[in-house]
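Only one structure is covered here, and it is reproduced in the block below.
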Amino acid sequence: MTATALLDTDHINIDKPPFILVDGSYYMFRNFHALPVTMQTTQGLHTNSIRGTLNALKKLMEKYRPTHMAVAFDTKAPTFRHKLSPIYKGDRPEMPAELAEQIPYIHKMIQAMGIPLLAIEGVEADDIIGTLAHRACLEGHHVIISTGDKDMCQLVNPCVIVENSFDDKRYDIAGVKEKFGVEPRQIIDYLTLMGDASDGIKGVAGIGAKTAQKLLEQYDSIDNILANVDQLKGKQQQTFLQSTDSIALDKRLATIITDLDIVPDWETLRLPTDPSFNIAEKRAIFTELEFKSEIASLNHPFHPSNNGSFKAAEPAQNAIHNPMVEAIKTSQDSKNTANKQWHTVTSQADFDTLIQRLGASKHFVIDTETTDVNWQHAELVGLSFALQSHEAYYVPVAHVDEMGNQIEQLAREDVLAQLKPILQNPQIGKIGQHLKYDAHILANYDINLINEPKNWAMDTMLASYVINAVATRHGMDDLARHYLHTQTITFEDVAGKGAKQITFDKVPLTVASDYACEDADITYQLFELFSEKLRAEPNNAKLLHELEIPVAQILCQMEHDGILLNKAFLGELSARFDEKIQALETVAFAQAGETFNLASPKQLGEVLFDRLGITGGKKTKTGQYSTSEAVLATIDHPLIETVLEHRSLSKLKSTYTDALANVADSNDRVHTSYHQALTTTGRLSSTEPNLQNIPIRTDTGRLIRGAFIAPKGRKVLSADYSQIELRLMAHFANDPVLIRAFQEGHDIHRATAAEILGKAFDDVTSEERRQAKAVNFGLLYGMSEFGLAKQLGFTRQQAQDYIKLYFARYPTVRAYMQATRTAAQNQGYITTILGRKLFTPDMQHPNRSVRQAAERAAINAPLQGSAADIIKLAMIAVNEVLHQDHAKMLLQVHDELVFEADEDKVDEIAKLIKNAMQDVLSKTAKEKGWDVDFAVPLVVEVGIGDNWDEAH
DNA sequence: GCATCATCTTA
DNA sequence: GTAAGATGATGCG
């Protein structure tokens, strides 16, 4: 019996929020198949179904603001339908393990959210929903059943609507008619006639959706069809007569029960109205699931980015939303439940106590919170501290309320004045995550954190990098996840992202304090963990304290100083380039016979290969024509030269002349950022702007280097290591021929050519030298004959022969390459000259090309990595001999250091630098306890000029 | 508004 | 063939 007959719908109050009944089992399955199975926590728990179910529930609650709700689930226990029919749902395959593991989490999550969950052993979710919908109707509620199961449409009546939040389709009475062509009350018969294999309903043979619809339109019900079976045609009549038994069974299977013996207690189906309800449980489960935005919602329930968090319905006119009060509740709660002691320090008395503890400590964590990731524009907003795990302090110094008004807090200058002696005292070690940034910020307030390497007890980012550069990225959130299995509150969680992001001073204080305290706390926990790891591997500790930390402090100084630009000159170049670019564009359009965007590879490809009919176009992996220089160079057409020149000038203008002028400060100095924990080999990288890829190869490009100058009375000085990676290869391979060539100071490429070709050194042609150079570089990059052939325009056979010849002359090099490969394969890492372990993933990868790429990287890693070690050490050595008043180290470009130096002392300074750099292994490394016996001389070439072009 | 692709710059 | 970062175009939301 369906509910309709019993209903008197006049008393239903549609102004009240509807009672929402959710088919939990449907959402669980549907989301599992709809969302990628790659959604997993770092622990490998699949979360696609959990995530999808959560989103569906949130969407429903947002939409209807219900006061009452229930989610029903099937259980594993057999139901009466199983007893009725042996095939009922019998064909269904075993539930995938990836889904099964999610079920307990889905249940736990729903319960944590305070949503009534109904799962009754031996009862199907459909029947629970049917019964509750029926009861709710009788009591005058408007009901929405959320499911994608069409069977449920039998429950639709004037007060029950079925809705699918997957496709947003709603079925009221008219909707059901439109979709199925029958009344909701006929759905059971409709299903019985046509059958439903997935539900074990056999149906009547030969009857599908269309016939079922037609029959029910004509006869209204199966009972009536059977009563008039004689009217049916021969075959159909036969089938019906034979099917009466199975029809009866199918009908029972298809009928959703609406009168189960369960009495809903409406109070137990009421949703909580307080967003902080169960917050600890919510936090716990979302943390375990690594649902960052959900955690953020808990921390900051009224943030604009938080549009999906659960907010229970309340009459709008009564709502007194006080974000601060709510935020305090949530953060208090989180502190208590996690058993953490996080404090916000706003009174002088509390701060005095903190200062006392900091001053008496051996070391502590410090972290600064600011208004900007770029230290040049950042304002200090607060500082957090940790002296032990699970305890942290946040001292706000420039927070404002949502109106932008100052809030009660200690004054920034007072706080900093009291901290300064402690922060500058190297006897009290500072611990931090990416301390270079904090050092920049504090320097802006005249506090010097880079006075001595010892002042930094640890930088957790650098420690992680030294321990294993590739296991994880080295941001704090990554480290917390990887090493502490903790999902932290991210900055985006508290401040939003993109255009809507707010600055940290506007984040409500309690939320900000939690975030900042967590950072300090996590950093302390990482410090303890990494200290342990570093004790186990003393060379890593040495790399951190004797190499990376001193380098970080030097980089801080270099970034702070910045290099002077000749902005007027850059402006001239821009104008000149622009003029030429315009002219080239006109020419290109004439040559192409049409106008198009020259900067668009897509349009250019179409013009060249489709319209001008040029053949030999190569496609990129996305299927469009490649128009890279290498491809265009093989084409003979006047348009090509124009395009290439246009491209080259556009590149120079947009990437260099325009961009550099834009990032210069008010004193015309540019401050790059060096990233010290990014590359897989130990190299630095440079961003905003990247000053490690300033042009030099072409004359036009090289002009840009002329814009890097020194102030009046100073010169630009450049010092670079000559052939450092090849020297390292000679050393590692211990190759007598190469070592002798370096010892005798020969041009190494010419010497290589002479050796391979069996010629006298002076008889080597420039073409032969070029080829030898390509092979030498190829070796450093783990070359294949294919790659070499491409580089030199050789056939594969020629390339193979050439390599063979090389290895015949340099057998030790071949042995070294093979030994590196083996080491990477067997131990999973290679080591650099200072013993840095560089892990080599994918050496056993089943995909051949991935594996070969890994092998090439493994061959290159000790060479590039050792060169990186050497120049880092050189920076330290040079810094020790340099007088800050007379010269500044400004740039590092992998094998080159760039300085500005007083003109009258520049020759003397050049000698100091050259010697410090050349002696870095024989002297500096040894002083710091690395025992390196380097077989070839390190040679440094120094240039001096009025700009970087002249100096190089 | 944001992510990805193709291209080009360096050591 | 190694290691990086920036740009404009393009396509998705």
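Order of the sequence lines sets the chain letters (A, B, ...), proteins ahead of strands, with each chain counted from 1.
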Are the aromatic rings of A:Tyr806 and A:Tyr802 close, with centres under 6.0 Å apart?
no

By the 4.0 Å heavy-atom rule, please label [X] as base, sugar-phosphate, or nothing.
{"X": "A:Asn597", "value": "sugar-phosphate"}
{"X": "A:Asn693", "value": "base"}
{"X": "A:Gly778", "value": "base"}
{"X": "A:Phe777", "value": "nothing"}
{"X": "A:Ser685", "value": "sugar-phosphate"}
{"X": "A:Glu725", "value": "nothing"}
{"X": "A:Gln791", "value": "base"}
{"X": "A:Leu780", "value": "nothing"}
{"X": "A:Ala774", "value": "base"}
{"X": "A:Ala659", "value": "sugar-phosphate"}
{"X": "A:Leu678", "value": "sugar-phosphate"}

Quick one: which of [options] gets closest to the side chain of [X]?
{"X": "A:Leu788", "options": "C:dG5, B:dA6, C:dG1", "value": "C:dG1"}
{"X": "A:Tyr656", "options": "C:dG5, B:dA11, B:dT9", "value": "B:dT9"}
{"X": "A:Thr620", "options": "C:dA9, C:dG1, B:dA6", "value": "B:dA6"}
{"X": "A:Thr622", "options": "B:dT7, B:dT9, B:dA6", "value": "B:dA6"}
{"X": "A:Lys790", "options": "C:dA3, C:dG1, B:dA11", "value": "C:dG1"}
{"X": "A:Ile696", "options": "B:dT9, B:dA11, C:dA9", "value": "B:dA11"}

Can you see if the side chain of [X] gets near the phosphate of [N] - specifically, an N or O under 4.0 Å from OP1 or OP2?
{"X": "A:Ser648", "N": "B:dC8", "value": "no"}
{"X": "A:Ser626", "N": "B:dA6", "value": "no"}
{"X": "A:Thr680", "N": "C:dA4", "value": "yes"}
{"X": "A:Lys602", "N": "C:dG8", "value": "no"}
{"X": "A:Thr627", "N": "B:dA6", "value": "no"}
{"X": "A:Ser650", "N": "C:dT7", "value": "no"}
{"X": "A:Arg647", "N": "B:dC8", "value": "yes"}
{"X": "A:Thr679", "N": "C:dA3", "value": "no"}
{"X": "A:Lys651", "N": "C:dA6", "value": "no"}
{"X": "A:Gln603", "N": "C:dT10", "value": "yes"}

A:Tyr781 pairs by side-chain contact (heavy atoms from CB on, under 4.5 Å) with which of A:Leu863, A:Asn860, A:Leu788?
A:Asn860

Positions of residues 835-860 of chain A (non-hydrogen atom under 4.0 Å from DNA chain C), listed by number:
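The stretch gives A:Arg856, A:Ala857, A:Asn860 as the residues lying under 4.0 Å from the strand, ordered by number.
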
Cation-pi between A:Lys837 and A:Tyr829: NZ/CZ under 6.0 Å from ring centre and within 45° of the ring axis?
yes

Can the positive tip of A:Lys651 be found less than 6.0 Å from the middle of the six-membered ring of A:Tyr656, inside 45° of the ring normal?
no

Let me know the distance between [atom1] of [X] and [atom2] of [N], rounded to the nearest Å.
{"X": "A:Leu649", "N": "B:dT9", "atom1": "CG", "atom2": "P", "result": "10 Å"}
{"X": "A:Gln892", "N": "B:dA11", "atom1": "CD", "atom2": "C1'", "result": "10 Å"}
{"X": "A:Leu644", "N": "B:dT9", "atom1": "CG", "atom2": "C1'", "result": "15 Å"}

For the pair [X] (side chain) and [Y] (backbone), establish whether a donor and an acceptor sit closer than 3.5 Å, ignoring hydrogens and angles.
{"X": "A:Arg727", "Y": "A:Pro937", "result": "yes"}
{"X": "A:Thr634", "Y": "A:Ala630", "result": "no"}
{"X": "A:Asp842", "Y": "A:His845", "result": "no"}

Mark yes or no for a side-chain to base donor-acceptor pair under 3.5 Å between A:Gln864 and C:dT2, with no hydrogen or angle criteria applied.
yes

Compare every heavy atom of A:Val607 with every heavy atom of A:Glu594, then report the nearest pair and how far apart it is.
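Minimum heavy-atom separation between A:Glu594 and A:Val607: OE2-CG2, 3.7 Å.
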
With a 4.0 Å cut-off on N to O distance, would you call A:Asp747 and A:Arg769 a salt bridge?
yes

